[in-house]
Amino acid sequence: MDKQTLRKEYLEIRKNILDKDIKSKLIFNKIVNTKEYRQCKTIALYKSLDSEVNTDELIDYSLSVGKIVLLPKVIDNDLVFYKITKETILIKSAFGVYEPIEENNYNGNIDLIIVPGVCFDKNNNRLGFGKGYYDRYLSNNSIKKIGICFKEQLLDNIPTDINDMKMDLIITD
Ligand code: ADP
Ligand code: MG
């Protein structure tokens with residue numbers, strides 16, 4: 001199956017997954033217990049859409065334990081990460097994604113990134129929204145990458161091409 005067909009199918013599947021809050025909580029618990037999370041000083045996260053694994057608790061918790069927390073913003077087709085605080089205001093972008101206001105552009109080291117996806121496979125491959133944002137961003141650095149998704153989004157095998165960046169680890173409920 002080609003990527004575009006798979007994307008359509010799994011966006012629909014993702015939309016209809018039940019008990020997302022409970023499942024997101026399970027995923028949160030697993031993330032914070034990884035060595036990668038416990039050891040990281042700086043973490044890049046995403047602010048979840050309704051259909052995605054909810055990251056609100058992870059964002060709040062990470063701030064409360066003193067990690068440097070970054071959220072992305074799409075600028076000219078690239079992901080740019082900004083440092084946030086509890087006070088940071090997030091604004092809905094044209095794509096419906098909540099993004100931080102451009103205040104604290106972050107140029108330091110990032111230890112860990114939590115990556116959303118439409119689906120993942122058992123070889124740590126990822127299918128995204130189809131714009132290649134994360135592929136392009138991750139091709140330029142060597143951050144530890146944890147993909148998160150609900151069990152329903154984990155497949156045996158998804159098609160990949162040369163630009164697709166593999167995750168180091170995938171966490172599901
Ligand atoms: P997604 O990863 O969002 O599911 P794709 O993998 O289909 O999307 O990538 C979308 C487009 O972005 C493709 O045309 C892909 O070749 C391009 N792309 C991804 N990474 C890079 C890169 N590092 N350099 C140039 N083009 C890239
Ligand atoms: Mg890709």
Side-chain angles (χ1 to χ4, degrees), residues 1-17 20 23-24 27 30-31 34 36-37 40 42-56 58-59 69-82 84 90-100 102 105-173:
M1 199 186 280
D2 66 281
K3 281 188 181 184
Q4 194 45 37
T5 311
L6 202 62
R7 199 173 275 125
K8 254 181 103 175
E9 182 180 333
Y10 275 84
L11 276 172
E12 192 61 24
I13 288 172
R14 190 174 76 173
K15 208 166 76 188
N16 292 313
I17 294 170
K20 282 184 176 157
K23 292 174 178 174
S24 295
I27 293 169
K30 287 190 188 177
I31 294 172
T34 60
E36 288 80 1
Y37 182 84
C40 81
T42 300
I43 183 169
L45 290 166
Y46 68 94
K47 170 78 183 170
S48 48
L49 302 169
D50 282 348
S51 62
E52 293 174 326
V53 175
N54 190 303
T55 54
D56 290 348
L58 188 59
I59 293 171
V69 178
L70 312 176
L71 286 180
K73 189 176 166 84
V74 175
I75 295 181
D76 300 334
N77 259 339
D78 285 318
L79 286 185
V80 180
F81 282 87
Y82 292 89
I84 64 155
L90 303 177
I91 296 168
K92 207 171 189 175
S93 77
F95 300 110
V97 178
Y98 283 92
E99 299 181 331
E102 295 171 54
N105 197 350
Y106 181 80
N107 292 312
N109 188 56
I110 304 176
D111 304 309
L112 175 62
I113 183 165
I114 304 294
V115 184
V118 174
C119 52
F120 292 89
D121 76 14
K122 292 176 179 163
N123 296 311
N124 291 351
N125 294 309
R126 167 182 177 272
L127 187 74
F129 260 111
K131 306 256 188 200
Y133 291 140
Y134 278 93
D135 291 328
R136 277 195 302 280
Y137 180 75
L138 295 170
S139 70
N140 296 319
N141 52 58
S142 58
I143 309 173
K144 278 277 173 205
K145 301 173 274 295
I146 298 183
I148 58 174
C149 66
F150 300 110
K151 271 184 201 156
E152 292 86 339
Q153 294 168 266
L154 189 63
L155 287 77
D156 285 333
N157 195 17
I158 59 180
T160 55
D161 60 53
I162 188 131
N163 287 319
D164 284 316
M165 296 297 295
K166 263 185 198 273
M167 302 295 106
D168 294 296
L169 179 70
I170 291 168
I171 295 180
T172 72
D173 48 303

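For ligands, and for the atoms within them, numbers begin at 1 and follow the listed sequence. For clarity, every value in this text was computed on a predicted model and none was experimentally measured.
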### Task
Consider every N or O of G132 and every N or O of ligand 1, then say whether any pair is closer than 3.5 Å.
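Yes: some nitrogen or oxygen of G132 is under 3.5 Å from one in ligand 1.
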### Query
Which heavy atom of V97 sits nearest a heavy atom of L49, and at what distance?
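Distance-wise, the nearest heavy atoms are CA-CD2, 4.1 Å.
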### Least distance between heavy atoms, I27 atom then F150 atom
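Of all heavy-atom pairs spanning I27 and F150, the closest is CD1-CD2, 4.3 Å.
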### Message
Does only the side chain of D164 get under 4.0 Å from ligand 1, or the backbone, or both, or neither? Count heavy atoms.
### Response
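For D164, only side-chain atoms sit under 4.0 Å from ligand 1.
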#### Entry: Region of K131 that comes within reach of ligand 1 [heavy atoms, distance under 4.0 Å]
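The answer is the backbone of K131.
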### Message
Taking the basic N atoms (NZ, or NE/NH1/NH2) and the acidic carboxylate oxygens, is any pair closer than 4.0 Å for R14 and E52?
### Response
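Looking at E52 together with R14, the answer is yes, because their closest N to O distance falls below 4.0 Å.
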### Carboxylate-amine/guanidinium contact K3 D161, below 4.0 Å
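Salt bridge between K3 and D161, a charged N being under 4.0 Å from a carboxylate O: yes.
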#### Entry: Straight-line distance of K166 NZ to K145 NZ, nearest 0.5 Å
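Between K166 NZ and K145 NZ, I get 11.5 Å after rounding to 0.5 Å.
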Starting from [atom], which protein heavy atom do you reach first, and at what distance in Å?
| atom | answer |
| --- | --- |
| atom 2 (O) of ligand 1 | D135 OD2, 2.8 Å |
| atom 7 (O) of ligand 1 | R7 NH2, 3.3 Å |
| atom 5 (P) of ligand 1 | K3 NZ, 3.7 Å |
| atom 15 (C) of ligand 1 | N163 ND2, 4.1 Å |
| atom 3 (O) of ligand 1 | G130 N, 2.8 Å |

### Message
With the threshold set strictly below 4.0 angstrom, can you tell me whether any protein non-hydrogen atom sits that near atom 13 (C) of ligand 1?
### Response
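No, because not a single protein heavy atom sits under 4.0 Å from atom 13 (C) of ligand 1.
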### Query
Under the 4.0 Å line, does any protein heavy atom show up next to atom 18 (N) of ligand 1?
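Yes; the ligand atom in question has protein heavy-atom contact below 4.0 Å.
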### Query
Near S139, which atoms of ligand 1 are under 4.0 Å from a heavy atom of that residue?
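Checking each atom against S139, I get 23 (N).
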### Query
Against heavy atoms of F129, which atoms of ligand 1 measure under 4.0 Å?
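What qualifies from ligand 1 is 3 (O).
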### Query
Among T55, D56, N54, whose side-chain hydrogen bond (donor to acceptor under 3.5 Å, both in side chains) with K47 holds?
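So the option named by the test is D56.
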### Message
Taking atom NZ as the centre, does K144 end up with more than 12 heavy-atom neighbours from other residues, nucleotides or ligands that are less than 6.0 angstrom away?
### Response
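Check fails, neighbour count at 12 or below.
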### Message
More than 12 heavy atoms of other residues, nucleotides or ligands under 6.0 Å from OH of Y133: yes or no?
### Response
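More than 12 within 6.0 Å, yes.
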### Query
Given atoms OD2 of D135 and OD1 of D164, what angle do they subtend at the Mg ion (ligand 2), to the nearest 10 degrees?
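Answer comes to 100°, rounded to 10°.
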### Task
Please confirm whether F81 and Y137 have ring centers closer than 6.0 angstrom.
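Between F81 and Y137, the centre distance is under 6.0 Å.
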### Query
Heavy-atom contact under 4.0 Å between M165 and ligand 1?
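Per 4.0 Å heavy-atom rule, M165 does not contact ligand 1.
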